[in-house]
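A quick write-up on the structure given underneath.
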Protein chains: 2
Amino acid sequence: MASLKDIADEVGVSVSLVSKVINDKLGTTGARKELIEAIKAKAEELGYKRNFNSIALLAKRQGAISVFLHRIGSKGATITEDTLEGMAESAHKHNLRMMLNFVTEYDDYIQRLQDLHTGMVDGVVLSGVYHIEAVPELLKLQKEGLKLVSTFSNPIHEKIPNVGLIEENTTYLSTKHLIEQGCESIATFDTMPQRTNGYRRALEEAGRPVNERLIFGMPHGQEGFYGSTARGALIGALESGVEIDGICAQSDTQAVYAINELLSRGVSIPGDVKITGIDNSPFCETCSVPLTSIDQKFAQRGRLAVDMLEKLMEGEPVESLKLAPELVVRKSSI
Amino acid sequence: MASLKDIADEVGVSVSLVSKVINDKLGTTGARKELIEAIKAKAEELGYKRNFNSIALLAKRQGAISVFLHRIGSKGATITEDTLEGMAESAHKHNLRMMLNFVTEYDDYIQRLQDLHTGMVDGVVLSGVYHIEAVPELLKLQKEGLKLVSTFSNPIHEKIPNVGLIEENTTYLSTKHLIEQGCESIATFDTMPQRTNGYRRALEEAGRPVNERLIFGMPHGQEGFYGSTARGALIGALESGVEIDGICAQSDTQAVYAINELLSRGVSIPGDVKITGIDNSPFCETCSVPLTSIDQKFAQRGRLAVDMLEKLMEGEPVESLKLAPELVVRKSSI
DNA sequence: TTGTAAGCGTTATCAA
DNA sequence: TTGATAACGCTTACAA
């Protein structure tokens with residue numbers, strides 16, 4: 001790998017002059033035209049590339065960030081992949097190297113956080129499942145100069161800037177859509193309070209009564225997103241004789257299981273019942289009836305989180321933000 | 001961030017002694033016990049961590065690798081995530097920083113490969129969908145000194161060491177399992193030649209005839225793994241009156257769609273028909289009938305690939321290897 | 001207009 | 001048993 005010294009030697013000038021020419025830092029004074037050209041030509045010829053380590057060393061920066069990722073998601077969704085893809089894109093743009101930390105347990109989490117002072121990274125993005133207990137440790141790291149950004153739905157702490165999502169709008173959008181499609185009795189699986197609120201708000205705004213029998217109780221937490229749990233709840237409701245012509249599921253898996261259960265009972269979708277999910281999983285395209293769903297913007301949020309971190313590292317101020325989810329309409333609801 | 005110099009100043013010794021003590025490189029000679037202890041205590045107290053950039057600078061290395069990842073997989077499987085998790089673990093172990101490159105198209109791929117000429121990384125792991133057309137460019141990079149490792153099922157080129165999988169054994173294992181469970185007429189979706197071969201071999205070894213009507217034609221390539229395509233093939237076979245009491249699907253998605261189709265026709269699973277998939281996707285646990293599947297060892301392969309790359313970077317010789325897939329038995333087949 | 005020298009944090013070699 | 005020095009590649013203040 002050619003260095004500035006190689007160029008300097010070959011052209012017969014000093015290293016510092018080469019550095020200035022290459023970086024266009026000659027200031028007001030300038031240098032002889034033929035030298036500038038010779039230097040640039042030689043750099044090109046030798047395929048000169050800057051050495052990131054020496055620059056980082058000099059700048060007292062690491063040129064690297066760490067991504068903390070506790071894998072999350074309704075099974076089969078590509079939340080982690082999408083988030084990482086966005087982060088990778090932004091990191092590439094900013095010439096940042098990433099250390100990926102997949103963590104699964106709290107002990108792990110703290111252990112890995114400790115490793116961070118290493119002077120091996122300039123900043124950290126927190127993503128996936130969040131560990132509220134880790135906040136004190138995070139704030140300690142922040143005090144030591146490490147930059148922190150998170151990509152949870154909601155901020156974990158006011159001092160840690162977050163790239164979030166307007167959770168309530170996920171179900172708000174899909175319920176509104178189902179109402180517009182003519183549904184009269186829309187059910188939901190009550191898995192996440194913010195999402196159930198969105199469902200209620202859409203009904204209220206449309207002047208519809210909220211029928212509590214259509215809000216199926218589910219375990220709050222990961223398990224509540226499982227398809228089998230949702231199918232159980234749906235079967236219970238159907239057998240108790242509740243009328244349903246729309247389902248605003250709170251995950252795609254819930255929706256798919258509902259679709260399959262209904263189809264097996266001879267119910268037509270979207271003819272008799274219209275259904276929407278959340279996650280916009282890949283299988284929305286390929287399942288029995290292509291599923292209308294909600295895009296939670298994971299790739300974009302990953303990108304923005306790293307952009308935000310880069311800004312922090314540059315000393316610029318940043319502020320938490322929340323993206324709007326987006327409705328993706330497919331056959332299951334029209 | 002505390003440096004060796006900080007420790008040296010505080011303890012009142014030279015930087016080089018501190019370096020030797022910290023790195024346990026005193027050799028045969030040794031140093032005074034109390035000094036060793038004082039240095040170690042001070043390092044602890046100041047929270048000393050090595051600066052990776054200066055080490056890399058000295059070693060004429062980047063201390064970073066690049067991961068090229070073309071996302072792959074039957075939709076809903078966690079192939080990419082699992083692979084990345086394994087790679088991240090190994091990278092962490094070796095103190096390597098990763099640049100993640102998610103690529104989707106060939107042009108992208110080549111474009112990103114060009115970036116590698118920058119000497120930003122010491123090595124590259126290639127993963128996911130492979131681009132045979134990129135081989136010449138890869139070999140060029142290799143000639144420039146960049147270390148290359150891949151994690152495709154089969155090696156892409158003899159000069160590029162690979163952490164692969166004995167593909168044939170995926171279906172071999174599951175077909176053998178179905179035979180042992182008493183299945184007489186086992187079908188498969190002919191999506192990937194190596195997998196169909198494994199299916200044939202298992203039947204032949206058991207002295208069973210291969211019934212070509214039970215080998216359902218599928219498009220070769222990603223589309224062949226889709227569930228809807230598989231369901232179509234299955235329906236066609238059923239309606240032509242073929243007897244089936246076992247299905248060795250070539251992806252989990254195929255299997256799930258087959259299960260749902262059969263259930264909707266009143267067929268009992270695993271009572272009337274036993275089914276196996278491939279990928280060991282998360283939804284194997286949660287789908288209508290928990291699905292027996294094949295673990296393709298993606299996390300382990302990711303880990304091994306980075307281990308291999310580290311070895312190459314150390315100048316050690318490495319050789320391609322193939323891992324054995326593993327059968328994970330669940331209710332759908334017993 | 002160009003060059004010298006110091007310094008970023010570390011390690012290896014050689015000297016004391 | 002300990003320390004001085006050079007080197008990795010680069011930038012910048014200052015000197016020529």
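Just so it is clear, the model here is predicted, and its values are computed rather than measured. Letters go in sequence order (proteins before strands), and every chain restarts at 1.
- Between dT11(C) and Lys25(B), no contact under 4.0 Å exists linking OP1 or OP2 to a side-chain N or O.
- Residue Asn53(A) comes nearest to Ala56(B) through the heavy atom pair ND2-CB, 3.3 Å, listed as atom of the first residue, atom of the second, then distance.
- Put simply, the side chain of Lys60(A) and the base of dG9(C) share no donor and acceptor less than 3.5 Å apart.
- Sequence order on DNA chain C of the closest nucleotides to Ile36(A) and Val15(B) puts Ile36(A) first from the 5' end.
- Listed in residue order, the members of residues 2-14 of chain A having a heavy atom less than 4.0 Å from DNA chain D are Ser3(A), Leu4(A).
- Closest contact between the side chain of Leu58(B) and the listed nucleotides dG9(C), dC10(D), dA13(D) involves dG9(C).
- In this structure, the side chains of Val125(A) and Val306(A) come closer than 4.5 Å at one or more pairs of heavy atoms.
- Under 4.0 angstrom from either OP1 or OP2 of dT11(D) there lies at least one side-chain N or O belonging to Ser19(A).
- Going from atom NZ of Lys20(A) over to atom C1' of dC10(D) covers 13 Å, rounded to whole Å.
- Within residues 38-53 of chain A, the residues that place at least one heavy atom under 4.0 Å from DNA chain D are, in residue-number order, Tyr48(A), Lys49(A), Arg50(A), Asn51(A).
- Atom CG of Asn23(B) is separated from atom P of dT10(C) by 9 Å (rounded to the nearest Å).
- With hydrogens and angles ignored, a donor-acceptor pair closer than 3.5 Å exists between the side chain of Ser16(A) and the base of dT4(C).
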Next on the checklist: Between Lys5(B) and Asp9(B), does the salt bridge (Lys or Arg N to Asp or Glu O under 4.0 Å) criterion hold? Intermediate values first, please.
Outcome noted: CA-CA 6 Å; Lys5(B) 185 163 184 308; Asp9(B) 287 350; 3.1 Å; yes
